[in-house]
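Written below as structure tokens is the structure these notes are about.
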Amino acid sequence: LVVFVCTKRKIMRLKVKIFIQQIIVFLFLLGLLPAHAFVHHRRFIIKEALYSKLCSSKNILTVNGQFPGPVIYANTGDTLVVNVQNDGTQNITIHWHGVKQPRYPWSDGPEFITQCPIRPGTNFSQRINLSDEEGTLWWHAHSDWSRATVNGALIIRPANKTSYPFPRPDAEIPIILGEWWKSDIQAVVNEFLASGGGANKSDAFLINGQPGDLYPCSTNDTFKLTVEKDKTYLLRIVNAVMNNLMFFSVANHQLTVVGTDGAYVKPFKSNYITISPGETIDVLLEANQNPNHYYMGAKAYNSVVGVPFDNTTTTAIVQYRGNYTASSPPILPDLPNSDDTNASFNFTRSLKSLADKTHPINVPLNVTTNLLFTFSVNTLPCEDESCSGPNGDRFAASVNNISFVLPRIAILEAYYKNIQGVYGDEFPSFPPLNFNFTGDSLPVELQRPDRRTEVHVLEYGTNVEIVLQGTSLLGGVDHPIHLHGYSFYVVGAGFGNFDKDKDPLNYNLVDPPLQNTIAIVRNGWAAIRFKADNPGVWFMHCHLERHVSWGMEMAFIVKDGKGSQEKLLPPPPDMPQC
């Protein structure tokens, strides 16, 4: 029996290996694997594992039993082939956050947008083709709230014979900011959706999976970074938190910001960073202080008075190597106040692209498609006014007054196979109702969105500008907006309503940052530009998970171009079925 089982397992591994080789041949014949690109093979096994934090234990969904999940390293232009085997008990998808996936959205990952979920007991070999991304990105589940524990860093180093645009650091360390509930995360989501109100706040924030010394039953497992005097460390910071922008700092140390969202920025020094959910920030930490123990810390930024949030601080320890008497407790960092909107906005506005000969930029100047999208928190009627939202209603959220409804067939499949009735293509270019978006005491009827599945269609090669406008409905809040399949230039941002006559005069068209996630400041706006040169179906949504659950999302269809290299590629043979 043992021999039979071992033989059977070997046969299964051989079949998987042959299948992956077939995929590689398939991709090479399609011209997707250049001869110089290196192909990395990884296996993700989705399974539950027991973890203990805050004096209690629970099973969580993981990749390979790890939390956070495995760090993947690659170089610019490489290809990843990741075989995802779902040995868990719930559906799953994996999104490669910030990877453009040129002409190949089939492995992008958002559930019912580009693929059906990977069901328990099945697998899907995802092909992730890196293009010009360089720096820190990440991967995470993109189904329900599974990304709370299913996530990890994707580190893309310079291609061979190229280098960083700053002195090579002595070491590189991923820093993943996370969030922890003592309750089962699925139970939190189920209660949240059933009540129609807000989600229960988390019990802790995490640095590399650990809450830190300021929480109960946590001191022994606090993450520690050992440094040597006068050496430089590249911290690759990912905000994997579910519902909060975060402030991050290291006590007594300035940080030199050098990158964001897989692109370099002009270096600048700061005592802290602000990082949105979904965003990555690369910073250099110089170990130039007296040898001691210093806390790095992170806490939530919350712009709305009266809204409950987790106001705890997660910490890790930067400890210098050597013989000395360390401060006890370590020195705490000086983080901005939790409600310091200017600190959050000013940091984000400090990001600027390198824009040099080695790292040129290509901001679309001749805009051919102008769009204005409003992002609002809304309400929907609840039977017997029994829900936990305002006035007994149910919370909702919308883009241009449409609260998105996920279909039960993937939009990409429906588009590719011309399946009718899955989605509409009438997502509006402008808000259907024109009002003072950030005004006070707005009429209650503005709070009622339509619930539909609509996409916005873009012609290939269109130069697009989108003004992302927050609204003050139900008080307003910051919205970190993420676009799949593209990086975009953030050419402007401000408070209040966007002024189409005045605000473009102050656009930065010289060195705007290239990002894939941008936070709209509370009751403010941001303007982004990109060229629609990646055909397929691409999701855009707020990266606050509660807002996604309420419907603050939409999708673009970018049509094929005329050239052979401007067309959507066919799906792989093992696409999950609905």
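The structure presented is a predicted model; accordingly, all values stated were derived computationally and were not measured. If you read the sequence from its start, that first residue is 1, and numbering goes on from there.
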What pair of heavy atoms forms the shortest contact from [X] to [Y], and how long is it?
X    : Y    : answer
R103 : L568 : O-CD1, 3.7 Å
L458 : T369 : CD2-CG2, 4.2 Å
P105 : L412 : CG-CD2, 3.7 Å
G278 : T517 : O-OG1, 3.9 Å
Y507 : G492 : CD2-CA, 4.2 Å
V377 : V477 : CG2-CG1, 4.5 Å

Is a salt bridge present between [X] and [Y], judged by a nitrogen-to-oxygen distance below 4.0 Å?
X    : Y    : value
D282 : R236 : yes
D533 : K531 : no
E179 : K201 : no
K299 : D310 : no
E134 : R157 : no

Can a side-chain donor-acceptor contact be found between [Y] and [X] if the only test is distance below 3.5 angstrom?
X    : Y    : result
N436 : N497 : yes
N508 : D511 : yes
K100 : S131 : no
Y295 : T313 : no
T114 : D108 : no
S472 : N523 : no
S487 : N516 : no
E465 : Y489 : no
T471 : S376 : yes
R448 : T379 : yes

Checklist entry - Do F192 and W145 have their ring centres less than 6.0 Å from each other? => result yes

Checklist entry - For atom CG of D334, is the number of surrounding heavy atoms from other residues, nucleotides or ligands below 6.0 Å larger than 12? => result no

Item to check | Atom NZ of K266 with >12 non-hydrogen neighbours under 6.0 angstrom | outcome: yes

Item to check | H484: which of F530, F556, W538, F539 passes ring pair (Phe, Tyr, Trp, His ring centres under 6.0 Å) | outcome: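 Single pass found, and it is F539.
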
Item to check | From OG (S398) to CG (N378), nearest 0.5 Å | outcome: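 Reported to 0.5 Å precision, the distance equals 3.5 Å.
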
Parallel, tilted or perpendicular for [X] and [Y], by the 30°/60° rule?
X    : Y    : result
W138 : H140 : tilted
F347 : F268 : tilted
H482 : H97  : parallel
H142 : H541 : perpendicular

Checklist entry - Does Q101 have any side-chain hydrogen bond (donor to acceptor under 3.5 Å, both in side chains) partners at least two apart in sequence or in another chain, and if so, which? => result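 In terms of side-chain hydrogen bond (donor to acceptor under 3.5 Å, both in side chains), with neighbours along the sequence ignored, Q101 is linked to no residue.
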
Item to check | Pairing residues for T162 by the side chain to side chain contact (heavy atoms under 4.5 Å, CB included) criterion, not counting sequence neighbours | outcome: P158, A159

Item to check | R147/E545 under salt bridge (charged side-chain N to carboxylate O under 4.0 Å, His left out): CA gap, chis, key distance, verdict | outcome: CA-CA 9 Å; R147 77 170 179 86; E545 214 62 33; 2.7 Å; yes

